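Here's the structure, in structure tokens; my notes come after.
Quick caveat, the model's predicted, so the values are computed rather than measured. Numbering of ligands and ligand atoms starts at 1, following listing order. Positions are given from 1 along the sequence.
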Amino acid sequence: MSDAMLEMTGIVRRFEQGGAVLEVLRGADLTVRAGELVALVGPSGAGKSTLLQIAGLLERPTAGVVRVAGADVSDADDATRTAIRRRSIGFVYQFHHLLPEFTAQENIVLPQMIAGVAKRVARQRADDLLRMVGLDARGSHRPARLSGGEQQRVAIARALANAPSLLVADEPTGNLDPHTAEAVFAMLSAIVRQARVGALVATHNMELARRMDRILEMRDGLLVEHAPV
Ligand SMILES: Nc1ncnc2c1ncn2[C@@H]1O[C@H](COP(=O)(O)OP(=O)(O)OP(=O)(O)O)[C@@H](O)[C@H]1O
């Protein structure tokens, strides 16, 4: 049995603007396995965010096959894709995107309730996740009362709320000072490995990229694997 949490094969993405066609992805392939962190690097405009949007089922490719936790979602309708996204994929962005009027705990409860989990169970899981990210004393705080690193820890806990198979992260530590970035990344990688989630992490930070299991570079619309250093 394959432990691939994400498989993308022959991914093409074209944008049409005023008659001109921009082919950002030209047949990209990648696999992310359970417990694995894969870094996605490449210059600005290379297509990293476009690839993450497709991996996260937020966009459809022009061509190619996407499998999440073994399920081929290429031909699935929008409702099915949304259901799979909510159940199987967690997102972390450069900016935390926590809802400011809700507490840390409520921010982690909400996605579970949207997925149909009972409030009592969702609260318990939120508390467990807050403990896992070292913030058990901060559950009743709103985001504005937390530091940048703490906000990002809550965002990671929220991404894990529905026990996803796949974590899609776009510069998850890009807005933090180097020391805090280091602590948040260490925590993220420990959780990914322990919970056997697959993580695809776009970053401009080569130091962090080198600490992941593999580095894939976006080059001319294709993904090229870096040799291990
Ligand atoms: N909806 C769209 N319509 C037209 N062009 C788009 C669209 N989305 C992205 N692009 C183009 O696709 C290319 C890749 O953009 P993308 O945001 O994926 O790059 P990136 O590698 O994530 O860059 P960065 O590191 O700066 O975030 C860019 O040239 C961008 O202008």
Side chain or backbone, does L22 bring an N or O within less than 3.5 Å of an N or O on ligand 1?
no
Tell me whether G45 has any N or O atom under 3.5 angstrom from an N or O of ligand 1.
yes
Where is the nearest protein heavy atom to [atom]: which residue, which atom, and how far?
atom	value
atom 15 (O) of ligand 1	T50 OG1, 3.8 Å
atom 26 (O) of ligand 1	S44 OG, 2.4 Å
atom 8 (N) of ligand 1	F15 CZ, 3.3 Å

Check: D170/S49 side-chain N/O donor and acceptor closer than 3.5 Å:
yes
Heavy-atom contacts under 4.0 Å between V24 and ligand 1: side chain, backbone, both, or neither?
side chain
Record the part of Q17 in heavy-atom contact with ligand 1 below 4.0 Å; permitted values are side chain, backbone, both and neither.
side chain
Atoms of ligand 1 close to [X] [distance to a heavy atom under 4.0 angstrom, numbered from 1]:
X	value
G47	14 (C), 16 (P), 18 (O), 19 (O), 20 (P), 21 (O)
K48	18 (O), 19 (O), 20 (P), 21 (O), 22 (O), 23 (O), 24 (P), 25 (O)
H204	25 (O)

Pairwise salt bridge (charged side-chain N to carboxylate O under 4.0 Å, His left out) hits with a residue in residues 50-79, at least two apart:
R13-E59, R60-D78
May I ask you to decide if R87's main-chain N or O and N162's side chain share a donor-acceptor pair within less than 3.5 Å?
no
With the threshold set strictly below 4.0 angstrom, can you tell me whether any protein non-hydrogen atom sits that near atom 31 (O) of ligand 1?
no
Nearest protein heavy atom under 4.0 Å from atom 4 (C) of ligand 1, yes or no
yes
Less than 4.0 Å between a side-chain N and a carboxylate O, is that true for [Y] and [X]?
X	Y	result
D128	R131	yes
E101	R142	no
E106	K119	no

Ligand 1 contact by [X], heavy-atom criterion under 4.0 angstrom:
X	value
G42	no
R13	no
A202	no

If you define the side chain from C-beta out and look only at heavy atoms, does anything of [X] sit under 4.5 Å from [Y]?
X	Y	answer
H141	T103	no
E7	V66	no
F15	V21	no
R153	R138	no

Closest by any non-hydrogen atom to atom 17 (O) of ligand 1: pick that one out of G174, S49, P43.
S49
